[in-house]
Amino acid sequence: MEKIIEISCFEHVYPDKTKIELCGIEFIVCKGEKVALLGPSGGGKTTLIKHVLGLLTPSHGEIRVFGVDPYKEYNKIKKRIGVVLQNVDEQLIGPTVLEDVMFSPLNYGHSQEESKEMALKILEQFGISDLKDKIIHYLSGGEKRKVALAGALVLHPELLVLDEPFSGLDIRSEKEFINLINQICEEMRISVVISTHNVELVSEFADTMYLISSKNRLSTKGSPREVLYMDEELKNYSLEEPTIVKLFHSLKNEGFSFETNPINVEEAVEALKK
Amino acid sequence: MEKIIEISCFEHVYPDKTKIELCGIEFIVCKGEKVALLGPSGGGKTTLIKHVLGLLTPSHGEIRVFGVDPYKEYNKIKKRIGVVLQNVDEQLIGPTVLEDVMFSPLNYGHSQEESKEMALKILEQFGISDLKDKIIHYLSGGEKRKVALAGALVLHPELLVLDEPFSGLDIRSEKEFINLINQICEEMRISVVISTHNVELVSEFADTMYLISSKNRLSTKGSPREVLYMDEELKNYSLEEPTIVKLFHSLKNEGFSFETNPINVEEAVEALKK
Amino acid sequence: MSHIHIPDGILPLWLWVLGYILIGIFFIIEAFYIKKSQKQAKFSLISIMAALMLLTMSIPIPFPVPYHINLSVLTGIILGPTLAFFAIFTSNLLLVFIAHGGITVIGLNTLVIGIEASLGYYAFKFLYKKTDKIFFSAFTATFFALIISTFLTIGIVYAGTHNFSTFSNSHCSSKGVHQEKLSVHNEKHLDNEQIEQQKHNKTEEKFNIKRFLSLMFIFGLIGWILESSLTGFIVSYIKRVKPDILHKFEKEKDIEKIKNENS
Amino acid sequence: MKIADLDYYATFGNTFLHKVPVKLKLFDIAIILISALFIKNIYTLGVIYAFLLLILMFSGIPRLKTFKISLYPLIFASLFLFSVNNLTLPTALNLIFKVLCISTSFAILILTTSYIQIFKAMSGFLPDIMVNILFNTYRSLFIINNTLDNLLTTVRLRGGVSIFRPVYSLKTIGNLVGFFVIKSIETSEKMYEGLKLRGYSDKVFCSRD
């Protein structure tokens with residue numbers, strides 16, 4: 001399968017000499033894959049993402065995105081990448097929703113009319129056409145995130161990068177946002193990289209998970225089902241298991257045995273029925 | 001029991017004519033009680049808290065904190081209230097941790113030495129003495145929160161108000177922070193009001209819960225166990241049930257029956273064993 | 001008090017148009033330079049400083065005089081001596097729409113405050129290099145810049161209004177007559193003239209520069225001290241918490257140090 | 001009155017003045033400005049001012065607030081008038097009317113027209129960098145305004161600043177503003193990063209009118 005992102009062991013040293021080293025295994029994102037980076041705050045997730053986006057360059061190691069070094073040649077690949085940063089507020093330029101979504105098309109040389117058409121189309125696809133004339137700073141947190149996502153996807157990129165997309169949202173909005181991401185990614189067939197510290201949600205969208213520890217070494221990889229049941233690993237990464245996983249661990253310790261490793265409520269009900 | 005906060009049906013109209021009406025039942029916080037305000041974002045939790053802190057005054061209704069109207073006479077009670085608001089990042093003023101914690105004592109007329117002593121004592125109590133000379137700006141999210149809490153409690157207030165104290169923290173830091181709050185509140189015997197949208201965590205610290213809906217009417221009150229099992233109510237408040245509650249609801253729908261309503265993993269294991 | 005809080009309608013046409021022309025020329029040159037030196041990225045910092053200047057005005061200062069923070073020298077220190085003009089122009093423009101200052105005087109205003117920011121920048125750079133005392137340098141630089149800009153303001157107001165009686169129509173004509181008389185007067189009529197002129201002086205509306213000066217200085221002095229100490233505290237804070245914002249000054253200082261050591 | 005509040009009225013107000021095209025409003029302002037600057041007859045100026053007050057009365061925008069805003073320049077006008085020898089009533093009135101005419105019309109404008117609309121109308125004759133600065137300033141204002149609100153609330157809740165300890169209070173405010181400056185600069189850096197990632201190509205990023 002075509003590899004979109006390839007990172008071999010790399011190291012980054014910040015000006016204040018904090019060293020972030022992400023080694024152990026290769027970090028690879030293939031075409032169409034949804035990858036989650038899970039780790040505690042301050043564990044190097046954002047650093048990794050900044051390298052993918054060419055905002056930082058590693059002291060050692062190599063990073064390839066669409067086959068090029070993003071730090072040196074981001075311009076070549078920037079059209080193929082859509083980004084939603086942690087603090088969406090700082091990424092929305094506005095003034096109105098429509099104009100904000102039109103930003104990228106206009107900057108990539110599309111005409112006013114074309115850009116407008118593209119923006120309207122994506123807003124409709126997102127079900128937020130009614131917001132189009134609203135001024136950005138009067139939107140709610142959840143709405144802002146949707147607009148940022150629309151702005152990132154308006155040019156139909158091949159890779160979507162989301163940094164902590166759920167922080168500050170309530171559970172209902174989180175779920176809504178995840179559903180939107182899942183739906184859109186399926187429709188557009190794009191690869192996704194999401195960084196998050198939310199162990200509860202990660203199983204709902206990721207095909208592959210990477211654990212990043214606060215000791216700043218990238219090393220564990222696997223499907224959510226595999227990784228979330230690695231009790232010891234999670235502890236090493238100072239992460240808590242999701243509630244369901246914890247419950248089944250406790251039940252196993254009490255002597256029960258199950259055939260499957262459930263990671264959500266439905267699976268848990270099935271497992272318990274047996 | 002001594003009532004520290006008493007709010008009868010009250011209404012607030014924002015300049016833009018958004019009306020927040022919190023009626024239905026009285027909102028009461030007694031001495032030593034830990035109260036959680038649960039509701040979706042934008043549901044009026046922060047509005048309620050702002051009224052308690054005298055930052056807003058209601059269009060209708062009455063608010064009493066320590067027997068006085070906080071809007072008019074906040075100065076009389078301000079020493080008795082410790083506050084940590086939502087965006088901790090923007091509440092730490094001192095360049096270093098020590099200076100920040102000393103801020104309130106100095107402001108209330110304590111001498112430099114006294115203030116320093118008080119600050120050092122609370123930092124020790126919090127187990128963060130080693131941070132004392134650190135520059136606020138470079139602390140992690142969890143550390144900032146601890147420092148803000150230390151700053152709020154340095155004068156040993158009788159009431160602690162926390163607005164969305166967990167947003168942006170990873171699960172491990174959330175748990176750590178809750179343990180700290182629980183421990184400190186026990187030691188100092190203070191009443192606590194916490195607003196949150198996190199249904200998973202609420203049972204771990206609250207004696208009493210209030211649900212605040214996005215339709216802006218305060219109406220449901222009870223212990224976490226009672227409230228979290230009100231399936232319909234939670235839906236009305238556009239909240240999701242916690243995972244464990246959801247699991248047991250599903251199991252009950254499948255025909256299983258349980259004697260208890262578990263709200264955490266330990267209780268769930270106990271219930272399932274039977 | 002360095003803002004020309006002079007409302008529209010006081011300064012004469014030629015003066016405020018001149019202000020606009022000067023600032024216009026400056027901006028055209030500067031915009032060209034920005035484009036050439038690929039400094040477009042700076043617009044982000046410029047706008048944040050403009051927003052900062054606007055917002056910090058609403059911070060209540062616990063002093064009996066109604067005073068608001070200006071941050072012009074700080075803007076100079078952060079943006080440098082030329083880019084500061086853009087931020088100052090922007091904040092002035094936005095203020096006009098909330099009736100805080102006149103639209104006709106934006107050009108002059110930008111000039112005066114921009115010069116204030118530039119002077120502040122250079123003074124700070126010089127003092128910090130020489131003394132290595134951050135609060136002292138920021139305080140003194142601000143104080144110095146404010147004094148100069150206040151004089152500049154007074155000068156501009158004086159230039160515009162010393163013949164204030166042209167202001168309303170009734171006096172306009174009498175002044176004209178008066179000047180004609182003066183121009184044709186000769187020795188013979190001197191006594192007569194002097195008497196007449198004295199009479200006229202008593203009733204003529206005249207802009208009193210001395211009184212304006214003392215008013216500006218009384219209000220100004222308090223403002224200068226407040227603004228200077230605040231700038232001092234702010235810059236010291238930045239130095240402690242995020243010194244890389246003042247990076248350019250640190251470099252200068254280090255070079256100076258090495259020079260001193262060598263000599 | 002804060003810019004954020006004004007913007008709210010301008011954006012969500014629904015009076016007939018909100019519906020007047022922006023360019024027409026700016027044209028009207030220009031006419032009032034020119035008249036106020038060049039008319040020397042007190043009565044004419046008085047009539048213009050009365051006319052503006054009438055509009056204010058029946059416009060449906062918050063009257064008292066607008067009126068208060070329009071009075072602000074009088075403080076400085078009076079500073080000036082105090083410095084005039086042998087001041088006569090007509091001269092004083094003349095100046096006051098001029099000032100009030102202009103400030104009232106601007107106050108009405110800003111309560112019925114958002115900054116964005118005004119900037120758009122102006123963007124046609126401003127250089128690229130200035131257009132970017134204006135729109136970006138507008139956006140930045142609202143992002144960092146929240147920060148400032150939070151900071152001020154915190155200071156208040158943690159004891160506030162006192163007039164009785166001026167140096168300590170000034171230092172506190174200095175710290176607060178210092179923090180605010182640092183935070184804002186970081187915000188601007190992140191905003192620019194966001195722009196770059198979204199393909200910003202050193203051109204004007206807002207559609208001109």
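Letters A, B, ... are given to chains in the order of the sequence lines, protein chains preceding strands, and every chain is numbered from 1. Below, all heavy atoms of this structure are taken into account, side chains as well, without hydrogens, waters or symmetry copies.
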request  = Could you tell me which of N75(A), T96(A), L92(A), V83(A) has the largest number of non-hydrogen atom pairs under 4.5 Å with chain D?
outcome  = L92(A)
inquiry  = Would the distance check show the side chain of R189(A) and the main-chain N or O of E158(A) forming a donor-acceptor pair, the cut-off being under 3.5 Å?
reply    = no
Leading residue by heavy atom contact count with chain D [cutoff under 4.5 Å; candidates V161(A), V154(A), I135(A), N87(A)] = I135(A)
inquiry  = At a 4.5 Å cut-off on heavy atoms, which part of K50(A) comes close to chain D: side chain, backbone, both, or neither?
reply    = side chain
inquiry  = Heavy-atom pairs under 4.5 Å with chain D: which of L155(A), D100(A), L53(A) has the most?
reply    = D100(A)
ask   = Looking at V84(A), I81(A), L85(A), L55(A), which one has more heavy-atom pairs under 4.5 Å with chain D than the rest?
value = L55(A)
message = Parallel, tilted or perpendicular, judged at 30° and 60°: which one describes the rings of F166(A) and F205(A)?
response = tilted
Stepwise side-chain contact (heavy atoms from CB on, under 4.5 Å) test for Y9(D) and K65(D) = CA-CA 11 Å; Y9(D) 281 109; K65(D) 264 182 193 132; 3.2 Å; yes
ask   = Checking Y49(D) side chain against I96(D) main chain: does a donor-acceptor pair fall under 3.5 Å?
value = no
key: Part of T187(D) within contact of chain A (heavy atom distance under 4.5 Å)   = both
inquiry  = Strictly below 4.0 Å, N to O, side chains only: are D163(A) and K45(A) in salt-bridge contact?
reply    = no
inquiry  = Does any backbone or side-chain atom of R198(D) lie under 4.5 Å from a heavy atom of chain A? Answer side chain, backbone, both or neither.
reply    = both
query = How far apart are the C-alpha atoms of L56(A) and Y71(A), what are their side-chain angles, what is the distance that settles it, and do they pass the side-chain contact (heavy atoms from CB on, under 4.5 Å) test?
reply = CA-CA 7 Å; L56(A) 292 176; Y71(A) 187 74; 5.6 Å; no
